[in-house]
A.B. asks: 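Structure provided below as structure tokens; questions to follow.
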Amino acid sequence: MKRIQAALLALVLLASGAAFADVTVPHLDIGKGGHCVNDPKFMKLNHGDLLKHQRTITVHQGVRGRYSLEKCVNCHASRVNNSVLGTDRNFCQGCHAYAAVKIDCFECHSSRPETVSETLTEIAK
Amino acid sequence: MSEELDRRQFLKGSAMLAGLAIAPGMLLYDLAHGRSLNEPASSAVRWGMLIDTSQCESGCDDCVKACNKENGLPGGTRPTDEQWMRKVELKDMRTGKATSLPMMCQHCEEPPCVDVCPTGASFRRADGIVLVDRHLCIGCRYCMMACPYKARSFVHEPLHDQKPDVPRGKGTVESCTLCVQRIDRGENNTACAEACSKAGHKAILFGNLNDPDSEISRRIRTVASTQIRADLGLNPGLHYEGL
Amino acid sequence: MDALLKNRRDSRNFYLLVALGLLVVAAGLAAAHYMEEYGHIVTGMNNQIVWGMPHVFAIFMIVSASGVLNVASIGSVFGQAPYKVRAPLAGLLSIALLAGGLTVLMLDLGRPERVIVAATHFNLKSVFAWNVFLYSGLFAFVGIYLWTLMEKRMNPWSKPAGLVVFAWRIILTTGTGMIFAFLVARQAYGTALLPPMFIVMSFAWGLAVFLIVQAAMYGWNEMELHAAILKRLKNLLGLFVISVIYLVAAYHMTNLYFARQSAFEHFILVDGGIYPMLFWGGYLFVGSLLPLFLIYFPGMGGSRHVLAASILVILGSFSLLYVFIVGGQVFPLSIFPGYEVTSSFGDGQIGQYAPSLPEILLGCGGLGVAFLITTIGVRALNFLPRDASD
């Protein structure tokens with residue numbers, strides 16, 4: 001009896017695990033990624049508030065501080081299409097499609113990092 | 001908490017840099033005048049311009065082109081296209097004297113656009129720059145009705161490929177920002193002023209009106225200059241010479 | 001049997017009217033959606049003419065919403081019986097027109113989805129922000145006023161409620177006028193004459209709307225308006241139309257006297273093409289003189305004449321608003337007085353504006369909202385003005 005129970009439990013776990021892996025969790029192309037301003041777990045929960053707070057002090061006071069959407073894009077743009085948008089694998093679009101949270105950041109903000117040539121001319125100056 | 005830590009780290013770093021830089025002297029000077037990325041704009045500074053119309057060449061629009069490039073504007077001239085900066089050709093109706101000058105947001109001390117904006121999206125930053133917070137702008141265009149200089153444009157179409165440091169979008173109002181992205185990086189010059197110098201005209205002088213020793217303050221003290229529609233009493237940050 | 005037949009016919013007609021209203025509102029919403037999808041590029045508006053057709057419709061409705069309450073005020077505040085029985089209908093029309101006007105204004109925004117921002121962030125120095133309070137206040141106060149009128153136990157409160165509504169709507173129209181009066185640099189606006197001018201315009205336009213709706217309701221119920229009451233109402237309309245002419249004349253005379261304004265006046269009154277045409281032909285002849293003829297000329301002044309006069313007053317109001325709003329922006333802003341000016345941004349040039357279909361549909365959609373609220377309101381509740389001897 002116990003063995004059957006264990007087998008059943010294992011089966012259920014396996015099935016749900018498979019379900020999570022295959023269906024629910026988005027496979028994100030995180031670009032360069034890595035630890036930046038905070039650890040990923042914290043950022044996953046708080047990036048919205050951080051950006052909102054930062055945008056107010058950036059726009060109104062000129063504080064170009066720790067958090068910046070531009071920096072997010074610089075590291076998290078996919079290396080395939082050089083953007084955080086485009087497909088459901090791209091960093092911003094993928095997760096927001098998964099969470100069903102509509103964002104309008106990129107109607108105004110660039111979804112692509114500054115191109116290499118522009119960065120180079122910037123440095124050359 | 002993290003902000004505080006950030007600042008402390010920054011101070012430590014800048015102290016070290018200053019120590020290193022005392023010998024050449026140059027870097028120390030910059031630190032005393034520039035503002036760090038973590039510091040808010042201060043009212044000790046008031047950014048402004050002195051435009052010498054006698055040096056501005058009719059038909060030259062290098063400043064406008066530079067503005068468009070810096071801010072990612074397409075540069076069209078249909079009535080629905082955005083123009084942060086434009087060249088205006090003037091002819092005195094009595095004497096026939098011709099003048100050419102660049103027009104843009106005059107960065108008033110008492111900006112009518114800020115007064116009329118219902119949501120507070122139009123605002124004047126501590127250092128005198130008049131800006132639009134596009135997160136708050138609802139696109140009512142009342143500021144465009146109120147501006148005595150016709151300095152503002154409304155974005156009539158969806159946009160793509162904006163510049164990363166100049167976000168702009170459909171349905172909101174925008175105007176000259178005095179290249180705020182450059183100022184916040186500590187490059188204290190605008191794209192238009194730079195282009196005008198490069199063209200050899202040096203008609204646009206950008207600087208801090210609140211610093212009595214700045215070149216712009218010294219010039220405004222010594223040469224005759226005027227503000228456009230000075231009769232309105234808005235005290236614009238842009239001064240014009242030879243008008 | 002006859003009553004039953006009439007009932008059935010009324011029902012069918014009511015649903016037809018509602019369907020018609022819904023159709024117009026749907027067209028307006030579709031136009032607004034189209035404008036939001038493609039941006040204001042699909043309208044005739046541009047960086048020179050920033051306010052266009054939607055604002056003509058919206059301001060007509062908002063100004064009339066305040067003026068229509070005049071009928072109620074004369075009843076409740078000044079105690080005139082024939083107006084008292086008309087107060088509930090005036091209140092309903094006020095709410096309907098205000099809702100229609102605000103719908104158009106909101107849907108014309110560049111970012112209509114951010115209307116919540118406008119309701120949560122206020123710049124208290126902005127007359128637009130004040131108007132947000134004035135509009136919501138009017139809805140609330142007129143709502144309470146209607147309650148005191150239509151609920152017997154609340155009747156004793158109808159006078160103080162009417163007084164509050166009276167004061168509030170005068171302040172509201174002052175606020176609407178101030179939207180333009182505060183534009184310091186524009187030749188067409190920026191004068192303290194505008195708030196009183198808007199108040200008087202509201203009286204005339206509001207009464208015209210009221211008379212049209214009342215005529216429709218009387219026609220529906222096969223009732224005839226008492227001759228004495230018709231005479232009072234039509235004389236009032238005539239008086240208001242004359243008052244508007246007086247203030248519009250004072251506004252233009254003042255401008256004509258100032259040398260710096262003469263070029264603008266010359267444009268609006270003489271050589272501006274469509275604008276002088278709409279001013280003299282649309283506003284003055286069709287919208288003022290013809291109605292005055294229909295009201296006062298011997299042999300005129302019957303209920304049909306008064307209805308026609310009311311419709312003409314409304315046509316005239318659209319002409320006047322078009323000249324005021326669009327014409328005022330088309331004439332180039334005087335940035336460099338004493339100079340001839342040219343640039344790539346329309347400096348020194350007459351601006352071009354041709355209203356596009358979506359704009360007009362959006363405006364009509366607002367009228368549709370007002371029409372629907374009125375139609376459903378008078379069907380569901382007893383708003384029909386009944387005079388003592390009925």
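Chain naming here is simple, since letters A, B, ... match the order of the sequence lines and numbering starts at 1 in each.
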A.B. asks: Which pair of non-hydrogen atoms, one from C:I335 and one from B:P148, has the smallest distance, and what is that distance?
C.D. replies: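 Residues C:I335 and B:P148, closest heavy atoms: CG1-O, 3.6 Å.
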A.B. asks: State the CE-CG distance between B:M144 and C:N46, to the nearest 0.5 angstrom.
C.D. replies: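 CG of C:N46 is found 8.5 Å from CE of B:M144.
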A.B. asks: What's the separation between atom NE2 in C:H121 and atom NE2 in B:H135, rounded to the nearest 0.5 Å?
C.D. replies: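 Result: 11.5 Å between the selected atoms.
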A.B. asks: Between NZ of C:K125 and CG of B:D115, what distance do you get to the nearest 0.5 Å?
C.D. replies: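 That separation rounds to 3.5 Å.
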A.B. asks: Can you find a heavy atom in the side chain of B:H156 that is under 4.5 Å from one in the side chain of C:N47?
C.D. replies: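 Counting from C-beta outward, B:H156 and C:N47 do come under 4.5 Å.
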A.B. asks: If you count heavy-atom pairs under 4.5 Å with chain C, which of B:R78, B:R134, B:R152 comes out on top?
C.D. replies: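 With the most close heavy-atom pairs to chain C, the winner is B:R134.
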A.B. asks: Rounded to the nearest 0.5 Å, what separates atom CG in B:D81 from atom CD1 in C:I41?
C.D. replies: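 Those atoms lie 7.0 Å apart.
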A.B. asks: With a 4.5 Å limit on heavy-atom distance, are the side chains of B:R141 and C:D108 in contact?
C.D. replies: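 Of all side-chain heavy-atom pairs linking C:D108 with B:R141, at least one is under 4.5 Å.
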A.B. asks: What is the minimum heavy-atom distance between C:V117 and B:L136, and which atoms define it?
C.D. replies: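 Heavy atoms only, the tightest pair is CG1-O, 3.5 Å.
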A.B. asks: Heavy atom to heavy atom, less than 4.5 Å: which residues from residues 179-192 of chain C reach chain B?
C.D. replies: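 From residues 179-192 of chain C, the residues near chain B are C:I179, C:F180, C:F182, C:L183, C:V184, C:A185, C:R186, C:Y189.
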A.B. asks: For B:K150 and C:F345, indicate whether the former's side chain and the latter's backbone hold a donor-acceptor pair under 3.5 Å.
C.D. replies: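 Pair found, side chain donor or acceptor close to backbone of C:F345.
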A.B. asks: Considering all heavy atoms of both residues, which atom of B:R86 and which atom of C:S344 are nearest to each other, and what is their separation?
C.D. replies: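 B:R86 and C:S344 have their closest heavy atoms at CB-OG, 4.0 Å.
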A.B. asks: Which value, rounded to the nearest 0.5 Å, describes the distance between C:S343 atom OG and B:E89 atom CD?
C.D. replies: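 Here the rounded value is 9.0 Å.
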A.B. asks: Heavy atoms under 4.5 Å from chain C: which residues of residues 42-69 of chain B carry them?
C.D. replies: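 The list, in residue order, is empty: none.
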A.B. asks: Strictly distance-based, threshold 3.5 Å: is any side-chain N or O of C:R111 a donor or acceptor partner for the main-chain N or O of B:K170?
C.D. replies: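 A pair under 3.5 Å: yes.
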A.B. asks: About how many Å separate SG of B:C147 and CG of C:L333, when rounded to the nearest 0.5 Å?
C.D. replies: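 Those atoms lie 8.0 Å apart.
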A.B. asks: Over all heavy atoms of both residues, which pair between B:P118 and C:F128 is shortest? Give the atoms and the distance, please.
C.D. replies: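 In this case the closest contact between B:P118 and C:F128 is CB-CB, 3.6 Å.
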